Amino acid sequence: MIIATWNVNSIKVRLHAVLQYLSEESPDVLVLQETKSIDDNFPLEAFTDIGYHVIFCGQKTYNGVAIISVLPAEDIHYNPVKTNENEMRSISAVYAGIRIVNLYVVNGQNVDTPKYDYKIKWLKKLLAYSKKELSLNQNMLLLGDFNIAPTDDDVFDADVTKDEILCSDKERDMLSKLLALGFHDLFYDYDFPSQTFTWWDYRGGAFQRNIGYRIDLLLASDQVRSRCTNYFIDKKTRHKSWCVNEPRTSDHVPVRVLLD
DNA sequence: ATGGCACTAAAATAGTGA
């Protein structure tokens, strides 16, 4: 079973790329973030026409999440990590017995802003939801754009990013608390070189210079972890020449795991 | 280094991203 996550930065613009990714990697479950589409405009038929099931919850302009799958979704939770602002940042369902939770964590903009406090508040809601769901189903996978670089090893230059957004102690503490509930970052079970990232700024040739962050994560319960046999970061999708019909790329690349 | 670049809504530019 192949499970993948990808922040696509607009499902409308990235449709060709997502279809090509499905064709090349055949994921059983592909979770998407930043679809930036209201539900009425989601390109549902593009996926159902080729045999996939899709669930999604979106909003105008910002955020939005979706799950594309071979098997139909069971026990769907639409936007379960709720906030006052009703942003569409989460969607979850059960596939082959595994509760898959697709997350687009709040960015936070800057540590000195109200958005940062809101990010911490949102992460507290994620902790509560994750704790409850893990108690109900020990086969669980949290994955998506966490907007947190877990350690200094997950950034291009720890001196530059010290105490900055994505790297602050408070954000990392919240991620540690989440892991302490019984989740494991699957990245660590494989031997990736240092300076392995999943996001690079569009600007300044950041991708070519590998000025990036590792912020797209797959956090598995022990039971799911024990089934994981491989882990891939699909950097090819970041090259303009990869998608035949569309040179525009997401600033994130997909991350994919193989489960027995 | 307060710029880069990309996307959306809207119909010029402003907000957001990380």
Side-chain angles (χ1 to χ4, degrees), chain A residues 5-18 32-43 56-66 83 85-90 103-120 122-123 126 143-172 174-175 195-217 233 235 237-243 245-255:
Chain A
T5 175
W6 195 4
N7 179 323
V8 288
N9 187 14
S10 168
I11 187 59
K12 186 181 165 193
V13 175
R14 226 64 66 198
L15 183 57
H16 285 297
V18 173
L32 306 176
Q33 304 88 37
E34 283 205 90
T35 53
K36 296 186 173 178
S37 173
I38 59 171
D39 292 348
D40 284 347
N41 293 343
F42 192 95
F56 46 85
C57 57
Q59 63 182 94
K60 205 195 264 193
T61 314
Y62 305 118
N63 310 315
V65 282
T83 65
E85 301 172 35
N86 205 28
E87 297 169 347
M88 297 300 185
R89 295 183 175 276
S90 60
L103 299 166
Y104 176 50
V105 175
V106 174
N107 172 311
Q109 199 167 53
N110 191 293
V111 292
D112 300 324
T113 65
K115 288 180 182 175
Y116 179 77
D117 299 326
Y118 174 64
K119 179 177 193 173
I120 302 302
W122 193 92
L123 287 166
L126 173 60
L143 76 171
D145 178 357
F146 280 74
N147 270 324
I148 301 172
T151 74
D152 282 351
D153 293 334
D154 301 305
V155 298
F156 64 97
D157 186 333
D159 293 329
V160 171
T161 62
K162 183 175 165 54
D163 298 328
E164 295 290 335
I165 196 70
L166 315 185
C167 304
S168 72
D169 289 343
K170 225 193 262 183
E171 290 165 89
R172 287 176 172 171
M174 291 304 289
L175 182 60
Q195 303 281 296
T196 293
F197 305 129
T198 66
W199 177 85
W200 304 259
D201 201 304
Y202 284 119
R203 299 166 293 187
F207 180 63
Q208 286 71 23
R209 296 159 60 204
N210 202 31
I211 308 292
Y213 295 70
R214 188 176 73 87
I215 53 177
D216 298 275
L217 313 177
I233 298 173
K235 280 181 74 174
T237 65
R238 192 62 157 79
H239 292 95
K240 291 185 194 307
S241 58
W242 171 70
C243 185
N245 297 314
E246 179 52 73
R248 291 174 292 178
T249 72
S250 174
D251 42 358
H252 296 251
V253 296
V255 186

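Note that this is a predicted model, so its numbers are computed, not measured. Chain identifiers are assigned alphabetically (A, B, ...) following the order of the sequence lines, protein sequences preceding nucleic acid strands; residue numbering begins at 1 within each chain.
The separation between A/Glu87 atom CD and B/dT16 atom P is 10 Å, rounded to whole Å. B/dG17 atom P lies 21 Å from atom CZ of A/Arg248, rounded to whole Å. In this entry the distance linking NZ of A/Lys60 with P of B/dG15 reads 16 Å, nearest Å. Summarising the geometry, the separation between CG on A/Asn9 and C1' on B/dG15 is reported as 14 Å, rounded to the nearest angstrom. For A/Ile211 and B/dC5, the CD1 to P distance is 15 Å, given to the nearest whole Å. Between the NZ atom of A/Lys119 and the C1' atom of B/dT16 there is a distance of 14 Å, given to the nearest Å. To the nearest angstrom, P of B/dC5 lies 12 Å from CD of A/Gln208. As a whole-Å value, the separation of A/Asn7 CG from B/dT16 P is 17 Å.
B/dA14 and B/dA10: their C1' atoms are spaced 10 Å apart (whole Å). Comparing the P positions of B/dA18 and B/dT13 gives a spacing of 26 Å, expressed to the nearest Å. When the P atom is used for both B/dA12 and B/dA1, the distance is 36 Å, rounded to whole Å. Nucleotides B/dC7 and B/dA11 have their C1' atoms positioned 16 Å apart, rounded to a whole Å.
Of the side-chain N and O atoms in A/Asn107, one or more sit less than 4.0 angstrom from OP1 or OP2 of B/dA18. Note on A/Ser10: a side-chain N or O is less than 4.0 Å away from OP1 or OP2 of B/dT8. Between A/Tyr104 and the phosphate of B/dA18, there is a side-chain N or O to OP1/OP2 separation shorter than 4.0 Å.
Using a 4.0 Å heavy-atom criterion, one finds that A/Glu34 contacts the sugar-phosphate atoms exclusively. Within 4.0 Å of A/Phe146, counting heavy atoms only, lies no atom of the nucleic acid at all. Looking at heavy-atom distances under 4.0 Å, A/Ile165 makes no contact with the nucleic acid at all. Within 4.0 Å (heavy atoms only), A/Asp216 reaches no atom of the nucleic acid at all. At a threshold of 4.0 angstrom between heavy atoms, the contacts of A/Asp145 are confined to the sugar-phosphate backbone, with no base atom among them. Here A/Lys115 lies in heavy-atom contact (under 4.0 Å) with sugar-phosphate atoms only.
When the nucleotides B/dC5, B/dA6, B/dA18 are ranked by their closest atom to the side chain of A/Leu166, B/dA18 comes out on top. The side chain of A/Lys240 approaches B/dA6 more closely than any other nucleotide in the set B/dT8, B/dA6, B/dA18. Ranking B/dA6, B/dT16, B/dT8 by closeness to the A/Tyr62 side chain, first place goes to B/dT16.
Interface remark: the A/Asn147 side chain does not form any donor-acceptor pair with the B/dA18 base, using a distance-only criterion of under 3.5 Å.
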- Between A/Arg172 and A/Cys167, is a side chain to side chain contact (heavy atoms under 4.5 Å, CB included) present by the stated rule, with each step listed? CA-CA 7 Å; A/Arg172 287 176 172 171; A/Cys167 304; 3.6 Å; yes
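A side-chain contact (heavy atoms from CB on, under 4.5 Å) with A/Thr5 is found for exactly one of A/Asp145, A/Leu32, A/Val255, namely A/Val255. Applying side-chain contact (heavy atoms from CB on, under 4.5 Å) to A/Trp200 and the options A/Asn210, A/Asp251, A/Thr249 leaves one that passes, A/Asn210.
A/Glu34 and A/Asn9 are not linked by any side-chain donor-acceptor pair at a separation below 3.5 angstrom, with hydrogens and angles left out of the test.
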